[in-house]
Amino acid sequence: MKKATVAFLLAMAMAFAGCGAGEEEVKNADANGDGGNEQTSGASTEENSDAASGGDVLADGVLNVGTNAEFPPFEFVGDNGEPDGFDIALIQAIGEQMGVDVTVENMEFDSLVASIGSKIDVAIAGMTITDERKNMVDFSDEYYEAVQYVIVPSDSEIASAEDLEGKNIGVQLGTTGDFIVEDIKDATAAQYNKAVDAVNDLRNGRVDAVIVDKNPAQVFGEQFKDEIKLFDGESPEFGFEKEYYAIALPKGDEKLMKSINDALAALKEDGTFDELVKQYIEN
Ligand code: GLN
């Protein structure tokens with residue numbers, strides 16, 4: 001990621017965190033003036049040897065984060081063309097707590113888990129903790145509760161899980177919405193890389209319903225309010241289970257896990273987390 005972008009995202013995270021862009025934070029954004037990349041010496045190494053820092057993946061002073069910026073308000077492509085959103089601001093603030101730089105790579109949601117430990121160090125993407133994913137990655141402490149929502153055209157008669165049987169249902173590939181459709185009798189999952197494309201096909205009549213997480217569903221509901229309506233999947237008519245978002249980490253890296261969980265706890269404690277919720281989710 002470009003230096004200007006890192007600085008911009010960090011400045012935003014700090015603005016929302018309510019702290020000034022003091023020297024410490026600026027130093028953190030670009031500790032050795034090389035654009036924030038490949039730091040192997042100097043201030044960054046000192047910071048990295050601090051007890052608050054994470055495991056070996058942070059030896060270069062950089063936390064490489066993967067996301068899929070197609071999931072508002074948690075992540076979306078901002079006006080400057082770079083990932084923005086609650087998760088991005090949160091991971092920037094976590095990096096700041098840990099004393100490392102954060103770079104964010106935008107990739108397909110379905111590739112995130114498999115890329116942890118190679119292309120990226122961790123992933124933050126409104127990712128639900130699931131047993132299946134736990135076979136491949138570890139999860140930080142959860143940071144947000146969610147549930148799947150069902151979106152249908154305003155004039156649709158679909159109003160329950162039973163009504164979804166045999167239907168063509170738009171989902172984002174590899175998401176928990178996709179997994180739910182697998183269990184609906186005779187239903188077909190129309191899989192998209194972007195949830196918004198599923199919603200557009202719903203508006204065009206190509207799918208009967210879309211299943212997607214609550215907050216993005218609410219964003220789409222607002223955007224297309226004359227054309228679509230939403231059902232809370234937690235309602236008795238649908239009976240979907242609660243989900244919990246967490247940061248996905250390489251398996252077995254306890255040092256990194258502790259470092260991230262400590263940073264998350266500190267941000268909850270000092271009010272930063274709640275400010276980010278207000279700024280991005282409850283605005
Ligand atoms: N919470 C869902 C999942 O983890 C969707 C995440 C997303 O699309 N970014 O599968």
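The first residue of the sequence shown is numbered 1, and numbering continues consecutively from there. All values below come from the heavy atoms of this structure, side chains included, with hydrogens, waters and symmetry mates left out. One-based numbering, in listed order, for ligands and for the atoms of each.
- Residue Thr128 has at least one nitrogen or oxygen atom sitting less than 3.5 Å from a nitrogen or oxygen atom of ligand 1, judged on distance alone.
- By the 30° and 60° cut-offs, the orientation of the rings of Tyr144 relative to Phe74 is perpendicular.
- Looking at Tyr245 against ligand 1, only its side chain comes within 4.0 Å, counting heavy atoms.
- We find that Glu275 and Lys278 are not joined by a salt bridge, their nearest charged nitrogen and carboxylate oxygen being 4.0 Å or further apart.
- No cation-pi contact links Lys214 to Tyr149, judged by a cut-off of 6.0 Å to the six-membered ring centre and 45° from its axis.
- Heavy-atom contacts of Asp213 reach the following atoms of ligand 1: 1 (N), 2 (C), 5 (C) (cutoff under 4.0 Å).
- Below 4.0 Å from some heavy atom of Ala125 lie the following atoms of ligand 1, by number and element: 6 (C), 7 (C), 9 (N).
- Ion pair Glu105/Lys119 not flagged as a salt bridge, since none of the NZ, NE, NH1 or NH2 atoms sits closer than 4.0 Å to an Asp/Glu carboxylate oxygen.
- Distances from atom 4 (O) of ligand 1 to the heavy atoms of Gln172, Arg133, Glu75, Glu243 show the closest one on Arg133.
- For Gly126, the closest heavy-atom approach to ligand 1 falls below 4.0 Å.
- With Phe224 as the aromatic partner, Arg203 meets the cation-pi criteria of under 6.0 angstrom to the ring centre and within 45 degrees of the ring axis.
- Residue-to-ligand polar distances keep Gln148 apart from ligand 1: every N/O pair is separated by 3.5 Å or more.
- Between Asp201 and Arg206 a salt bridge is recorded (basic side-chain N to carboxylate O distance below 4.0 Å).
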